[in-house]
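Structure first, commentary second.
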Amino acid sequence: MKGALLVCGTHSDAGKSVVAAGICRWLHRAGVRVAPFKAQNMALNSVVASDGGEVGRSQAVQAAAAGVPVEAAMNPVLIKPSGERRSQVVVMGRPYADADARSYQTLKDELRPVVATALAELRARFDVVVCEGAGSAAEINLRDGDLVNLGLARAADLPVIVVADIDRGGVFASLVGTLALLDPADQAHVAGFVINRFRGDAALLAPGLEQLEALTRRPVLGVLPYVDGLWLDAEDSLALDSRPAEPPAGTDTLDVAVVRLRWISNFTDADALATEPSVRVRFTRSPADVERADLVIVPGTKATVDDLRGLREAGLDRALAARAAAGAPIVGVCGGYQLLGQRIEDAVESRAGAVDGLGLLPVTTAFAADKLLRRRSGRCDWLGTGAGGYEIRHGRLSRHGGEPLLTADDGEPEGCRAGAVLGLSWHGALEHDDFRRALLGWVAEVRGRSFAPSSTPFAAVRAARLDALGALVERHLDTARLAALIENGPPAGFPALTTEVRECCVS
């Protein structure tokens, strides 16, 4: 098999990332050399790739599904919002510019050849490239400069499938409306539909599928069922609202509260905690939740000073201070670690200058113009375990007391521990099984609870989820048609929907 496919959606969080990951896993299990690609990604969840560049977290998961290391070419343009109107633009894994929505449009002519080159190189090195769109395929206000949806399909001659989430309602209107809003040349690339997250009696859905196919002259390539607990690493906080509800905490359950910051980033750091059967993880803005939990995680943020202000306005600063005074565990990660410190000097991100932090850790942060991007490994002598992760930060931290939490392999001390308040800059550290379990064991001891760690490694949990996703694609999508689209490109002869809709309505 040789070729490429573009997975678009009717809206954000329709399931594009998951479907693309599932197709990657299906192909990988079939022995195909496959790679993911997302030309332009707006996300605050990111990782450091094997080549040292920063890419969206969803492409890292898709690369894992494909069985290959993630690299910057798989997400050549990453947009990271850093305020209400500003974003950092990362190109081929490195900071490129700061822009607002309007000025970013002027950058697209510079970025278009970067996207084209990255995709062409992946297609030369892999048998199949599974591309993912962004937002809605019918962003008609942005079509002229589009790099990631039908603009990409036209430029690279890609067949397109459109995914819709039936769980949100209005699935048929969403699919027909998306297609109808595209101009005829764009519509020619749309080769089929996938309905995601269906639950209920399939017989009740069948008449709608038949009418959809008759109306659009395009096939429904499959209906993916809703599967509880199958969520994968998300791109942004929008996905938090659609995650499955956590079970209620019991007497033998450690209750973990993750502070839901306005500009939360890399909240997937808490995902590994949720794989432990005796741990309940929830995201919250409630001071009462923060005071009651066994462990509080203050996660990363792309707007540190703005989120510091938001914490104070919500009274969460007082709740965190009360926890620290009571000796209740708090862990800050990257931006969250910076928030817990004594002072933040920011002439880069918010340009606010010197700002008092929460004062719970004896550290200060000074923002630098260059971004530190690196993978790290080392040890935690306090817990007697190894440790690892990756750094994505402008903030440079100086410790003035307490003890270092970690030591990198090169001898560099990392993080800070002062009483029950911990801070570290390494994202992904909780995915290290020994470190995570030792940390939770310490939390349980401090809180007077029992903790029975899972015997299943986090990597195995993720692999099992990816295998389940690949199996869903094999069972519920028309893989023969998908393979034909990948190999042959957009089929010829699809009618423009606007004419068809008019004729149907008149008749």
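Any value given below was found using the heavy atoms of this structure, including those in side chains, with hydrogens, waters and symmetry copies removed.
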Audit row: Val223, Ile166, side-chain contact (heavy atoms from CB on, under 4.5 Å) steps and yes/no: CA-CA 10 Å; Val223 177; Ile166 197 171; over 6 Å; no
Ionic contact status for [Y] with [X], cut-off 4.0 Å:
| X | Y | result |
| --- | --- | --- |
| Arg262 | Asp306 | no |
| Asp186 | Arg143 | yes |
| Asp146 | Arg154 | no |

Sequence-distant partners of [X], side chain to side chain contact (heavy atoms under 4.5 Å, CB included), two or more places apart:
| X | value |
| --- | --- |
| Glu110 | Tyr96, Leu107 |
| Ala459 | none |
| Asn266 | Asn45, Ser46, Asp269, Tyr390, His427 |

Over all heavy atoms of both residues, which pair between [X] and [Y] is shortest? Give the atoms and the distance, please.
| X | Y | result |
| --- | --- | --- |
| Gly135 | Lys16 | O-NZ, 3.1 Å |
| Val115 | Ala39 | CG1-CB, 3.5 Å |
| Ala72 | Val55 | CA-CG1, 3.5 Å |

Could you state the interatomic distance from [atom1] ([X]) to [atom2] ([Y]), rounded to the nearest 0.5 Å?
| X | Y | atom1 | atom2 | result |
| --- | --- | --- | --- | --- |
| Leu150 | Leu6 | CG | CG | 7.5 Å |
| Thr301 | Leu308 | OG1 | CG | 9.5 Å |
| Phe126 | Lys2 | CZ | NZ | 10.0 Å |

Row check, Tyr226 ring normal vs Arg197 NZ/CZ: under 6.0 Å, within 45°: no
With a 4.5 Å heavy-atom cut-off, do [X] and [Y] have their side chains touching?
| X | Y | result |
| --- | --- | --- |
| Met42 | Pro81 | yes |
| Arg218 | Phe494 | yes |
| Lys302 | Leu44 | yes |
| Asp127 | Val34 | no |
| Thr284 | Arg260 | no |
| Pro159 | Leu5 | yes |
| Val194 | Val7 | no |
| Ile195 | Leu175 | yes |

Under 3.5 Å: donor-acceptor pair, side chain of Gln187, backbone of Leu182: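 Yes, the answer is positive, given that a donor and an acceptor are paired below the 3.5 Å cut-off.
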Check: Glu474 side chain, Trp26 main-chain N or O, donor-acceptor pair, under 3.5 Å: no
Flag if over 12 foreign heavy atoms under 6.0 Å of CZ, Arg481: no
Chi angles and distances behind the side-chain contact (heavy atoms from CB on, under 4.5 Å) call for Val48, Glu391: CA-CA 7 Å; Val48 177; Glu391 293 174 277; over 6 Å; no
Verdict with reasoning, Gln105 to Leu142, per side-chain contact (heavy atoms from CB on, under 4.5 Å): CA-CA 9 Å; Gln105 302 308 312; Leu142 303 175; 4.1 Å; yes
Salt bridge (charged side-chain N to carboxylate O under 4.0 Å, His left out) between Arg168 and Asp13, intermediate numbers included: CA-CA 10 Å; Arg168 294 172 180 258; Asp13 202 34; 3.1 Å; yes
Could you check whether [Y] and [X], counting side-chain N and O atoms only, form a donor-acceptor pair closer than 3.5 Å?
| X | Y | value |
| --- | --- | --- |
| Glu132 | Ser17 | yes |
| Gln59 | Asn41 | yes |
| Lys38 | Gln62 | no |

